[in-house]
Amino acid sequence: MTAYDLYLVSPLLALAGLAMMVIIVDLLTRRTGLLVGVAFVGLAAPAALSAWQLAELVSTGESRLSAQGSVVLHTLSIDRFSLFFNFLILAAAGLVILVSTDYSRRMERLQGEFFGLLLLSATGMMLLVSATELITMYIALELTTLPLAAMAAFLPNGRSSEAGMKFLIIGALSSALMLYGMALIYGFTGSTRLDEIAAALSAGASAGAFPFGSMAVLLAIVLLLAGFGFKMSAAPFQMWVPDVYEGAPTPMVAFLSVASKAAAFALVLRVFYVGFDALGGDWWVLLAGLAALSMTIGNLVAIAQRNIKRLFGYSTIAHAGYILVGVAAVASVDGTATFGPSSVLFYLAAYTAANLTAFFAIVCIGNRINSDEIADYSGMLRRAPFLAIALGLALIALIGVPPTGLFFAKIYVFAAAINTGESLMTWLVIIGVVNSAVSAYYYLRIIKVMFLQTPIHTERVGASWPVNVALGIATLAILWLGVAPTPLLGAAERAVSVLSGG
Amino acid sequence: MWFEQIVFWALAAVAIGGALGVVLVRDLFRAALLLATVFVAVGGFYVMMNAEFLAVVQILIYVGAIAVLFIFGIMLTRDVQRGNAPNRLQIPAGVISALLLAAMVFTAVTTDWTTLAGAGRENQAQIAQTQAVGIPDATELTRAGLSAEEVESVAGSGLADLLIGDFVLPFEAVSLLLLAAAIGGLALARGRGR
Amino acid sequence: MSLEAMLVVAAVLFCIGLYGALARRNFIAVLMSIELMFNGVNLTLVAMGRWLAPYTVQEQLSAVLTGQVFAVFVITVAAAEIALGLGIVFALYRTNESVDLTDAATLRH
Amino acid sequence: MASEFNGLLTATVFLPAVAALLLALGIARDDRMVRWFAAAVAFADLVLSVIVFVLFQPGGERFQLVDRFTWIDTGTVHAGYLLGVDGISAPLVMLTGLLGLCAVFVSFHITTRVKEYFIWLFVLQTAVMGVFTALDFLLFFLLWEIELVPMYLLISTWGTGRREYSAMKFLIFTILGSAFMLVAIVAVFVSSGVNSFDMTLLLEQGGALDASRAALPLGILFWLFFVAFAVKLPTWPVHTWLPDAHTDAPTAGSVMLAGVMLKMGGYGLLRVNAGMFPEQLHAYALPIVVLGVVSVLYGAVVTIQQTDLKRLIAYSSVSHMGLVLIGIGSVAVVGGALTDAGLTGAAMQLFTHGTITGLLFVAVGILYEKTHTRHIPDLGGLANRMPIVAGAFLLAGAASLGLPALSGFVSELLVFFGGFRAFPALTILAVLGIILAAGYILWMIQRTMFGPRPARWDGLTDASMVEAVPVALLVISIVAVGIYPAWLTEVFRDGLEPIVSSYNTGIAGTGR
Amino acid sequence: MLTEALVWVIFLAPVASFLLTGLVIRPLGSSYARLAGYATIGALGLGFVLSLWLLGSAAGTTTYDFAPHLWLSLAPGATIEMGLLLDPLTNVMLVVVTGVSLMVQIYSLGYMEGDESFARYYSYMSLFSASMIGLVLAANVVQMYVFWELVGLSSYLLIGFWHNRPSAAAAAKKAFIITRIGDVGFLLAIIYLFFQADDFALHGLNALHIPDIWEAAIPIAAGGAGIVAGGALLWLCLGLFAGAAGKSGQFPLHTWLPDAMEGPTPVSALIHAATMVAAGVFLVGRFFPVFSESEGAMMVVALIGAFTAVFAATMGLAANDIKRVMAYSTVSQLGYMMAALGIGAYNAALFHLFTHAFFKALLFLGAGSVNHAAGTFNIMYMGGLRKAMPWTYWLTVIGALSLVGIFPLAGFWSKDEILLEAWLGKGPVPASISLLVFVMLLVGVLLTAFYTYRMVHLTFHGEFRGGGEQELHDVEEAGQPAPVGVDHHVHLGESPWVMVVPMGLLGFCAIIAGWVANPIGVSSLFGVIPSHWLTDYFASGLHDGHHTPPFSILMAAISNVVALAGIGLAALVYAWPRPFTGLDPMLKAGPVHILLSQRYYLDHLYEGLIVGRIFYQIIVAVTDWIDRNVVDGMVGLVGWISRNIGGLIALAQNGQTQVYPLVAAAGGVVIIALYLILG
């Protein structure tokens with residue numbers, strides 16, 4: 001353990017430290033404002049440290065930080081890829097913290113725990129996105145999930161407890177399945193490190209008659225996907241999503257829907273693009289299948305929903321499907337494999353902006369009107385113009401209509417898929433675009449209800465300024481990504497060069 | 001070796017029988033006790049596989065902590081009388097589990113694990129594992145026929161060394177995980193406002 | 001005792017646990033079943049480490065121990081999971097007066 | 001990608017958007033001010049668009065008044081902010097400016113949420129103009145999609161009848177269509193070989209997409225584009241959104257919808273399907289023309305059955321837009337010096353149908369504003385009470401049924417000229433459609449304007465001055481094109497010339 | 001010196017008056033409405049003078065050839081131009097159009113007096129005149145089509161002038177649509193010409209320029225270009241003839257013309273007697289060089305024309321509306337002209353067109369005058385008007401005798417020439433066909449005489465039978481709705497001079513037009529008029545200079561005898577039984593009368609069966625049903641399915657925690673299975 005190791009993990013340490021500090025602050029004082037302030041401002045530390053690391057990467061021109069004798073580099077990699085997600089996760093966490101200002105009062109005395117757990121979960125995510133080794137990944141995954149499961153049950157009602165219960169049980173079950181997969185991988189390749197797994201598989205990959213060269217690898221990959229699918233909320237591992245979304249505290253759902261998902265996709269990218277690189281020809285079909293299934297199920301079921309949080313649960317499943325299209329776009333006509341992953345990164349960023357905006361509006365509105373039924377949103381434009389417009393913009397973004405980031409994101413994902421030159425991927429894209437069209441139906445229904453119907457109540461719906469700030473930032477992010485996607489897209493492309501060994 | 005086989009199959013019988021009991025008996029207390037039995041049997045397997053340290057951990061954590069936790073839980077929820085009834089998913093759950101088991105067994109049996117195994121190295125591995133908890137004695141290793149480099153490699157590969165060495169990061173992370181679980185568990189168990 | 005036998009036993013444990021987790025009504029029983037699954041995984045991990053010294057990393061015998069390290073982590077995480085799980089059990093029990101999963105089905109469709 | 005900046009097009013396209021922003025920021029205090037501000041902006045934009053048309057030099061550079069900036073430039077993606085007009089788009093820009101002003105004037109009677117209404121109307125105008133001028137596929141698609149939002153809101157908020165259903169239907173159809181286009185655009189992007197969305201590159205290669213690199217067979221790309229544009233056009237059998245959307249949209253919505261938004265489909269067919277896929281168009285000309293003929297006849301027959309004025313006009317649009325397909329389909333088959341007749345006719349049909357249907361909808365809008373009904377059996381004998389409206393109906397109707405000296409005739413004639421050379425029998429069938437057109441147009445006029453007048457309409461007044469402005473503008477444009485069409489056709493032909501020559505060389509080259 | 005600009009003025013003057021009346025005078029209100037009349041009359045007067053001057057300066061000299069103005073350039077071999085084609089046909093037609101039109105406009109000042117839409121009337125009239133003049137002048141086939149359609153539009157507007165009457169509006173629509181059916185043929189012919197543009201270009205011709213088309217139709221052997229020949233030529237001619245048949249009311253497209261009498265009477269006089277309906281004949285005449293190259297086309301034209309002549313005349317026998325009688329008569333006379341063209345009697349046909357314009361306009365104006373007095377158009381309620389309105393009576397008689405073809409009135413000369421040429425059979429059609437045409441036309445003469453006498457007798461002779469007042473009374477008793485154009489406004493007396501004077505002028509023309517144009521001898525009142533100068537002038541426009549056969553006393557005698565026989569027969573039927581009971585003796589003919597008065601049930605066939613049943617109830621209804629239920633239904637179905645699949649999937653989402661991992665595990669198993677099965 002060298003000083004450089006500490007430097008490498010300093011963002012993680014800072015974040016974990018912040019989590020403990022928040023809990024301590026909570027013990028000393030119960031003022032929400034202070035808690036939020038500490039948590040939000042404190043995030044500057046991990047962010048600054050990550051920025052420092054990024055600056056070093058930029059100045060040296062290296063793609064990853066490295067040092068002789070470092071121990072932590074055995075299990076993780078600090079590179080542009082992980083830093084990209086670090087910033088994404090930190091941004092999401094910061095905004096969710098801000099937006100919880102009003103909502104967290106519902107947790108009564110558990111506010112400190114709420115913020116602390118949220119930060120711990122964020123720590124897990126940051127560990128997850130830099131992990132290059134299966135054990136670390138597992139731990140990080142659990143560190144991500146368990147706090148979220150606890151938070152899901154934080155509201156003093158049965159639905160919240162039920163959500164927590166479901167999240168925990170299904171999370172644990174999928175971890176168990178995933179663990180078995182990891183065990184098989186370890187047994188088959190003799191290592192838990194992705195680079196060594198890759199080396200082992202590429203040496204002996206094409207040996208057997210089975211897909212993936214071996215029944216063990218096939219089973220392992222399927223089981224791994226069960227675990228990852230749970231986190232990505234991809235079908236058929238998605239069924240917990242709507243229930244948990246509906247029952248859990250909305251800020252936590254917001255965080256879950258973007259940060260946790262982003263971390264999961266980072267994980268999938270790392271595992272599949274680095275570890276199972278040699279088997280790309282086999283697994284992309286599987287991912288493509290999951291993508292098609294997720295998109296279709298998510299969108300079709302969302303049509304019938306009346307609860308907006310539940311609807312967003314299905315929506316997030318559908319979006320997982322779109323993102324998986326990018327993940328599955330592993331090959332390309334000209335042999336460059338960066339198109340798919342970079343599209344995934346961009347999509348995740350754009351989706352984060354859009355979904356956070358939507359959830360923030362839902363947090364505020366739901367907190368005030370005490371309902372998540374879409375019908376109760378009627379005439380929201382009159383009652384809360386800013387919230388309604390922000391939500392409307394987010395919904396438009398989620399459809400994929402310009403000028404929003406997700407518009408480009410979808411194009412990039414589909415471009416990557418078509419770029420593979422596989423006819424199956426083209427069909428997948430067609431399924432994807434048709435699904436996008438279908439999704440317009442239910443997203444627009446919300447807009448319709450908010451913008452066109454008459455309010456059921458005249459009371460105005462407002463929020464405190466931190467909430468509005470968070471909402472404003474997220475809204476601007478949607479537009480910024482829609483108008484000037486170049487910087488982020490460039491960042492995404494540079495980030496994924498790590499995956500192809502750069 | 002026959003002794004080893006007998007012990008193995010006996011442990012297997014206990015473990016599997018116990019496991020079946022856990023999922024089938026209606027009395028939760030008995031299920032918890034059977035679970036403890038399974039844990040012990042698994043610990044036995046660890047011993048047989050030269051993973052003594054792990055066996056100790058298994059007994060301490062699983063039997064000593066987890067099983068007890070379960071029993072606490074069972075008592076506190078006063079749900080015992082309703083027992084460990086099955087739900088309506090028995091048949092599909094059974095079918096799916098059986099199919100998965102078939103796949104796993106098929107995998108275990110058909111995979112040619114030896115293509116990847118380092119033949120003839122079992123002995124050295126055994127030595128390393130025996131010495132897992134402490135730092136292995138270099139002379140002992142040399143006596144066992146390892147070359148100088150291998151001795152050096154093994155010397156740096158004790159379980160504890162690994163935990164605070166290569167795997168220090170997950171090790172630290174686990175502490176955070178436990179912290180999180182504690183915070184969460186406490187917060188939820190304690191309830192609000194009380 | 002062979003690798004295959006050990007793997008089969010582990011798989012059986014795992015699948016019994018899976019069955020229990022899917023087919024029991026009581027929350028705690030489900031948690032117990034999940035523990036069975038973890039034990040199955042751990043047995044697999046240790047067995048893999050015990051029998052397999054992979055050819056790519058033959059020089060690095062520490063890799064052999066990775067299975068056990070993994071198992072240690074799994075045990076720890078399992079403990080954490082149970083701790084939190086029981087917390088949720090209590091929360092659920094407080095709101096629902098029951099830890100029967102079949103009853104806790106208000107979130108649906 | 002070198003930057004160029006002329007600025008005129010950017011100003012023309014984005015002036016309405018800026019005005020929308022200003023409105024949103026509250027530049028106008030009350031509804032009255034909003035209206036006149038909107039009118040002023042729309043007028044200014046019309047002037048700008050006319051300047052664009054006038055400044056466009058046929059025979060000069062293919063694309064003129066180009067504004068070009070790099071927009072997205074990463075390792076794998078290149079896209080630009082690239083606006084420019086050629087002979088195809090310059091008239092359509094002017095058409096949009098014209099109908100934009102008309103739309104503002106017919107909207108003066110709107111009293112609910114006036115500010116929002118004009119904001120969305122302006123956003124719509126910017127989007128449509130943008131589609132006509134964008135020369136970068138990404139920008140093109142972006143604006144193509146943006147246009148949906150204001151249209152959806154206009155229909156569903158300020159519409160009538162089953163407006164929400166109609167708005168949704170419109171949206172789903174169009175989004176489905178553009179979904180296919182998205183696939184195609186992405187595939188074109190991939191197939192371009194330079195990972196660029198720049199249309200001019202693709203067009204200047206003479207439509208030579210690199211088939212070897214193509215992610216999809218070019219034939220499939222062709223059809224993907226075709227579906228998107230056909231939905232917008234609309235073509236049988238994907239037309240059913242149109243009657244609903246038209247019927248329930250507010251007047252300005254109908255005007256814009258029929259006047260310019262359908263033209264986006266035709267424009268796309270000309271620009272992309274005809275411009276970039278000569279081989280494919282040649283191969284699939286027959287099915288396209290068959291679709292066109294079916295649209296013409298089927299649309300006309302169904303039109304006859306309609307009793308709602310707007311629905312009737314909507315179905316007639318289906319019929320008329322079928323001619324565009326015939327014109328486009330004809331180009332790939334005929335060779336020689338006459339190749340461009342059908343294509344020019346199709347382009348002309350875009351313009352003329354825009355003004356004619358625009359006028360019809362304006363007239364219906366005024367009528368509806370006064371009578372609150374569009375049900376034809378309720379009306380009758382209104383010609384005496386409202387001579388201006390009746391005159392508008394008559395003139396637009398006459399133009400619509402292809403009466404010479406009015407604009408519709410020119411485009412129909414050219415389409416028939418071109419179509420007959422390519423597919424004589426099918427074209428004869430389509431020509432029969434003009435009898436049906438006469439039938440439904442005259443039937444409509446007879447039932448609404450002529451005959452005995454129910455007593456309840458005795459107090460009706462004619463169009464006000466404000467309402468007469470769009471009528472006058474559109475009448476002038478219809479007559480101007482009808483009396484002397486060359487000023488317009490020559491511009492169109494200049495724009496179509498590269499396409500035509502690519503077919504001529506292609507046809508000569510392959511000896512077919 | 002004839003300049004191009006002055007010819008254009010003939011066309012532009014009514015255009016200007018149209019714009020002036022339509023856009024300036026009409027919005028000013030009714031107090032200024034008379035200005036519209038003056039403007040139109042002024043414009044037409046100018047046009048008439050210039051036309052006469054044009055005819056005068058053109059006669060005897062060569063055809064004027066002005067360079068056309070480019071309108072739309074399509075391709076080298078196909079250019080749409082606006083040009084002037086000043087050949088004898090045009091020159092004479094110009095005089096007829098402007099002249100008759102001028103008379104009618106003057107007459108309208110009186111007839112339309114007090115109508116609330118006076119200015120509108122004149123603006124339509126100006127538009128019509130402009131279109132008709134444009135049509136006559138057109139040198140390019142597209143240009144011609146432009147004005148051809150505008151004539152149709154004006155006709156539509158004028159028939160539906162009193163648009164508050166449903167029957168007027170319906171008649172207008174019917175007229176437009178039926179003529180449009182014919183126009184499709186015309187349009188297809190044009191399109192076909194464009195189709196041949198490449199060949200035209202090879203010969204340096206323009207496929208759309210009318211003289212070039214003549215040239216193209218003439219076989220190479222005859223010195224032409226021979227581009228269109230054979231079957232294509234036949235179809236081209238048939239297309240053109242379809243257009244002509246529509247406009248000129250030839251069987252089977254004649255049904256609109258009687259209905260078109262819903263328009264104001266001057267309109268009927270102008271456009272449904274003298275000018276517009278003549279456009280069909282003009283069209284065939286215009287393309288006569290083309291038609292004459294195709295024997296098949298000529299036969300069709302001849303037979304359809306002859307059949308129409310007889311067919312329409314029979315319907316005239318049973319009509320009670322004076323204007324409808326005229327209308328059938330017009331159809332019949334147009335049939336004569338077509339038949340004449342068909343048998344190659346180009347000169348005679350145009351000559352008849354020329355004379356017919358005068359006497360038919362006169363007859364219509366007479367009918368209007370009668371209506372002015374009697375308040376009805378139904379001849380059954382007239383009678384005895386001779387005493388009340390002598391001028392009208394005598395002028396009508398002149399017109400009627402001219403129509404019947406009694407020597408020496410205008411109609412005689414022209415009809416005689418047609419009959420003579422048909423008898424001689426020297427045209428391009430076989431002599432047998434020509435003879436058949438002759439026989440049919442002769443029957444036509446008999447029938448014409450019969451119904452003409454019937455009409456005159458019932459209108460003017462005998463006792464007055466109550467006019468509109470009585471008719472309304474009877475209708476009311478019968479419980480039927482009042483027919484249009486009938487009012488209580490009965491005042492027996494002569495019409496005002498603005499109406500009578502134009503009638504007088506037309507009557508004068510009807511007497512002398514034939515004489516002046518086609519005297520048997522060389523002597524004349526005004527000096528030496530060469531024999532057949534008009535017909536020869538017409539012929540000079542043709543390449544092969546067709547010459548009129550010399551006058552035949554025998555033929556003149558035959559036609560007059562037949563005509564007088566017809567009159568005599570009618571007199572037997574109508575004048576003999578006194579007093580006239582008000583019941584038409586034709587009723588005794590029973591089923592024949594019914595057949596005739598129901599117009600051979602053709603309207604029923606067209607509107608009831610073909611349009612109403614087959615088209616509306618079957619084609620339209622079925623298509624509409626398909627559109628709503630199949631095409632749109634598919635959309636709904638897809639939506640329904642997608643919604644319900646969503647619901648079905650949501651059903652699995654039953655809240656039972658363990659179902660979810662079960663599905664996930666099952667998914668995993670399925671994936672493995674799929675991999676193993678599919679490899």
Side-chain angles (χ1 to χ4, degrees), chain A residues 332-334 336 338-339 342-343 346 381 392 396 399-404 407-408 410-423 425-427 429-430 432-441 444-445 447-448 451-453 482-494 497, chain D residues 24 70-77 79 113 116 127 137-139 141-149 152-153 156-159 163-164 167-169 171-191 193 195 197 212-217 220-221 224 228:
Chain A
S332 76
V333 180
D334 50 6
T336 57
T338 56
F339 211 162
S342 65
S343 71
F346 185 79
L381 185 64
I396 291 206
I399 302 171
V401 172
T404 61
F407 165 71
F408 291 110
K410 269 192 183 149
I411 288 187
Y412 294 144
V413 165
F414 294 150
I418 289 181
N419 201 27
T420 59
E422 298 278 352
S423 63
M425 286 302 272
T426 308
W427 282 109
V429 170
I430 289 176
V433 293
V434 170
N435 262 299
S436 290
V438 172
S439 73
Y441 182 77
L444 281 167
R445 210 177 35 156
I447 294 189
K448 194 172 77 181
F451 281 44
L452 308 181
Q453 292 184 0
V483 175
T486 311
L488 197 74
L489 191 71
E493 281 180 6
R494 285 189 294 276
S497 64
Chain D
T70 299
W71 179 26
I72 298 169
D73 186 20
T74 69
T76 49
V77 182
R113 308 201 204 171
E116 290 166 58
F137 256 131
L138 198 60
L139 190 63
F141 185 72
L142 186 150
L143 291 159
W144 180 282
E145 291 281 287
I146 282 187
E147 149 270 326
L148 300 178
V149 176
Y152 170 77
L153 290 170
S156 58
T157 313
W158 290 275
R163 58 192 183 191
E164 293 179 0
M168 195 54 92
K169 197 168 175 183
L171 201 80
I172 298 291
F173 263 88
T174 335
I175 284 194
L176 261 178
S178 49
F180 289 113
M181 177 159 66
L182 177 62
V183 178
I185 285 181
V186 167
V188 165
F189 160 77
V190 169
S191 312
N195 277 7
F197 286 103
S212 64
R213 285 185 52 89
L216 291 171
I220 290 183
L221 286 187
L224 287 172

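- Atom CZ of A/Phe407 and atom CG of D/Leu138 lie 5.0 Å apart (nearest 0.5 Å).
- Rounding to the nearest 0.5 Å gives a distance of 9.5 Å between OH of D/Tyr152 and CD1 of A/Ile396.
- Across all their heavy atoms, D/Ile175 and A/Ala440 have their closest contact at CD1-CB, 3.4 Å.
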Please step through side chain to side chain contact (heavy atoms under 4.5 Å, CB included) for the pair A/Thr486 and D/Thr70, ending with a clear verdict.
CA-CA 10 Å; A/Thr486 311; D/Thr70 299; over 6 Å; no
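- Taking 4.5 Å as the limit, some side-chain heavy atom of D/Phe180 sits within range of a side-chain heavy atom of A/Val434.
- Contacts of D/Phe137 with chain A are absent, with no heavy-atom separation under 4.5 Å from either backbone or side chain.
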Show, in sequence, the C-alpha distance, side-chain angles and deciding distance for A/Asn419 and D/Phe189, and conclude whether the side chain to side chain contact (heavy atoms under 4.5 Å, CB included) test is met.
CA-CA 9 Å; A/Asn419 201 27; D/Phe189 160 77; over 6 Å; no
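- One distance of note links CG of A/Leu444 with CG of D/Leu148; it measures 9.0 Å at 0.5 Å rounding.
- Note that CG of D/Leu142 is 7.5 Å distant from CD1 of A/Ile411, once rounded to the nearest 0.5 Å.
- Contact of A/Leu381 with chain D is made through the side chain alone, with heavy-atom distances under 4.5 Å.
- Residues D/Val186 and A/Ala415 share a closest heavy-atom pair of CG1-CA, 2.8 Å.
- For D/Leu176, the parts lying near chain A are the backbone and the side chain together; criterion is any non-hydrogen pair under 4.5 Å.
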Please walk me through it: do D/Val149 and A/Val401 pass side chain to side chain contact (heavy atoms under 4.5 Å, CB included)?
CA-CA 8 Å; D/Val149 176; A/Val401 172; 3.8 Å; yes
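- How far NZ of A/Lys448 is from CZ of D/Arg163: 10.5 Å, rounded to the nearest 0.5 Å.
- Of the listed residues D/Gly177, D/Ser156, D/Ser178, D/Ala167, the one with more heavy-atom pairs under 4.5 angstrom with chain A than any other is D/Ser156.
- Counting heavy-atom pairs closer than 4.5 Å to chain D, the top residue among A/Phe414, A/Phe451, A/Tyr412 is A/Tyr412.
- Using a 4.5 Å cut-off between heavy atoms, D/Ile146 touches chain A through backbone and side chain atoms alike.
- Taking CD1 of A/Ile430 as the start and CD1 of D/Ile220 as the end, the distance is 7.5 Å to the nearest 0.5 Å.
- Pairing each heavy atom of A/Pro485 with each of D/Trp71, the nearest pair is CD-NE1, 4.1 Å.
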